[in-house]
Student: 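Have a look at this one before I ask anything.
The figures here come from the full heavy-atom set of this structure, side chains too, leaving out hydrogens, waters and symmetry mates.
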Amino acid sequence: MAHYRQLGDIPRKRHTQHRTPEGGLYYEELMGEEGFTSDSSLLYHRGIPSAVVDARPWELPDQATTPNHPLLPRHLKLHRLFGEEWKGTDVVAGRRLVLGNADVRISYAVAGAPSELYRNGLGDECVYVESGSASVETVFGILEVGPGDYVIIPRATTHRWVPTGDGPLRAYCIEANSHITPPKRYLSRFGQLLEHAPYCERDLRGPAGPLLVDGADVDVLVKHRGPHGVVGTRYTVPHHPFDVVGWDGCLYPYAFNIADFEPITGRIHQPPPAHQVFEGTNFVICNFVPRKVDYHPLSIPVPYYHANVDSDEVMFYCGGDYEARKGSGIGQGSISLHPGGHTHGPQPGAYERSIGAEFFDELAVMVDTFRPLELGEGGTATEDPGYPWSWSGGRGPGR
């Protein structure tokens with residue numbers, strides 16, 4: 001995000017001496033992307049940020065995946081994944097993998113406990129808060145987040161999630177093997193969000209702080225690349241990582257609320273790119289929000305049937321009433337997976353019922369991937385076996 005921010009105590013010139021009140025030196029860290037050729041920030045630490053006193057394996061939750069074969073559309077009911085154990089579960093270690101490929105992993109967590117300190121060394125994270133609230137404590141400061149917030153956390157940002165409400169914190173976690181940014185078509189050549197973008201810099205909330213915590217021999221969980229996929233390491237560092245007295249730059253975590261997305265509508269049905277909010281390498285993130293719908297006198301407001309031959313489409317239903325899926329059993333907390341090679345569209349009857357509608361009260365987060373997705377253990381554990389046959393009146397094998 002090329003929107004510059006400055007927080008806390010920094011020197012007038014970069015890469016120059018920055019003295020503590022006692023006369024010692026703060027330690028400058030450049031956190032930057034793409035080999036010093038893209039966005040970066042400079043952080044000023046009280047301790048040496050490279051210091052580690054121990055390292056040992058961190059056993060990740062099950063990361064195994066199963067191919068979607070035979071090729072089927074699928075309905076996954078994520079609210080079945082957690083019972084009362086959510087009270088002792090955290091957003092990091094408690095994630096259950098739902099879908100994944102070599103570019104992106106989608107997990108779900110229901111949490112009531114603070115997470116340990118954590119950073120993702122594989123890529124950026126986009127965590128959508130379905131419900132509940134939390135303080136996201138980071139080396140850049142604190143983000144207070146709640147329902148409808150997307151939380152974008154850059155790769156290698158040390159942070160932790162601390163639930164703050166009475167009820168469960170429900171988090172839909174999109175982990176990239178790349179960076180997650182606003183769509184390029186919404187940005188000027190210098191990185192400003194343009195007039196036709198459905199949101200602008202005013203809608204983005206940066207961290208408050210600085211956040212300074214004392215402590216010695218603190219553990220930090222690191223997710224990173226291994227010889228055969230994703231692995232984890234548990235570092236012990238000699239001083240608490242939340243020791244940044246100030247920072248500035250264009251790389252930092254931020255929050256954006258889905259209610260601040262201004263929908264793009266038209267006389268006839270608008271295709272999914274009109275709903276795009278972010279993108280990563282080989283995937284995009286879109287959202288469907290409450291909006292006025294098509295107003296041509298002969299319009300059909302629900303989507304046409306479509307074979308998006310280059311993508312798998314994942315829809316997470318997180319509010320309202322999604323018009324095109326009525327009658328399918330899909331509801332709050334559901335995921336639909338419509339894979340490339342399968343023509344998908346509205347459920348039987350939805351096409352006709354939508355005629356004359358003027359407004360859709362629906363809320364959904366969509367991920368389209370350009371490589372096939374496989375099912376994680378959280379996906380296989382929550383599948384609705386009748387969904388693939390729902391366009392045929394329930395007629396399927398053995399039915």
Student: Between Phe140 and Tyr252, does the ring centroid distance fall short of 6.0 Å?
Tutor: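 Not under 6.0 Å, so no.
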Student: How far does CG of Leu187 sit from CG of Leu193, to the nearest 0.5 angstrom?
Tutor: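 Reported value, rounded in 0.5 Å steps: 5.5 Å.
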Student: Do His45 and Glu29 pair up side chain to side chain, a donor and an acceptor below 3.5 Å, judged on atom types alone?
Tutor: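 Yes, because at least one side-chain N or O of His45 sits under 3.5 Å from a partner of the opposite role on Glu29.
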Student: To the closest 0.5 Å, what do you measure between CD (Glu130) and OH (Tyr172)?
Tutor: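 Taking CD in Glu130 and OH in Tyr172, the distance rounds to 10.5 Å.
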Student: Identify the heavy atoms of Gln17 and Pro11 that sit nearest to each other, and give their distance.
Tutor: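 Minimum heavy-atom contact is O-CB, 4.2 Å.
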Student: For a quick check under 3.5 Å, do Asn287 and Tyr150 share a side-chain donor-acceptor pair by atom type?
Tutor: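 Note: Asn287 and Tyr150 side chains meet the donor-acceptor criterion.
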Student: Kindly state each residue pair satisfying ring-ring contact (aromatic ring centres under 6.0 Å, His included) with at least one member in residues 280-299, sequence neighbours excluded.
Tutor: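 Found His275-Phe288.
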Student: Nearest 0.5 Å, please: how far is NE2 in His75 from OG1 in Thr382?
Tutor: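 Going from the OG1 atom of Thr382 to the NE2 atom of His75 covers 8.5 Å.
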Student: With hydrophobic residues grouped by side-chain heavy-atom distances under 4.5 Å, do Val92 and Val230 end up in a single group?
Tutor: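 As far as the 4.5 Å side-chain criterion goes, Val230 and Val92 are connected within one cluster.
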Student: Under 30°, 30 to 60°, or over 60°: which ring-plane class applies to Phe256 and Phe278, parallel, tilted or perpendicular?
Tutor: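 Taking Phe278 first and then Phe256, their aromatic rings stand perpendicular (interplane angle over 60°).
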Student: Would you mind listing every ring-ring contact (aromatic ring centres under 6.0 Å, His included) that reaches into residues 99-120, with sequence neighbours excluded?
Tutor: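 Sorted pair list: Tyr118-His159.
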Student: Between Ser107 and Cys173 (side chain of the first, backbone of the second, donor and acceptor by atom type, cut-off under 3.5 Å), is there such a pair?
Tutor: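 Not a single qualifying donor-acceptor pair exists.
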Student: Is the side chain of Asn257 donor-acceptor paired with the backbone N or O of Ala259 at a distance under 3.5 Å, no angle test?
Tutor: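 Yes; at least one donor-acceptor contact below 3.5 Å.
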Student: Find the distance between OG1 (Thr369) and CD (Glu313) and round it off to the nearest 0.5 Å.
Tutor: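 These two atoms lie 10.0 Å from each other.
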Student: If I take atom CG from residue Asp384 and atom OG from residue Ser390, how far apart are they, to the nearest 0.5 angstrom?
Tutor: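 Reported value, rounded in 0.5 Å steps: 8.0 Å.
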Student: Is Ile152 reachable from Leu204 through a run of I, L, V, M, F, W or Y residues, each pair having side-chain heavy atoms under 4.5 Å apart?
Tutor: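 Same cluster: Leu204 reaches Ile152 through Ile, Leu, Val, Met, Phe, Trp or Tyr contacts under 4.5 Å.
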Student: With distance as the sole test, does Trp391 use its side chain to make a donor-acceptor pair with the main-chain N or O of Pro346 at under 3.5 Å?
Tutor: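 Checked: pair present.
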Student: Counting distance only, does the side-chain N/O of Gln270 pair as donor-acceptor with the main-chain N or O of Ile268 below 3.5 Å?
Tutor: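 Yes; at least one donor-acceptor contact below 3.5 Å.
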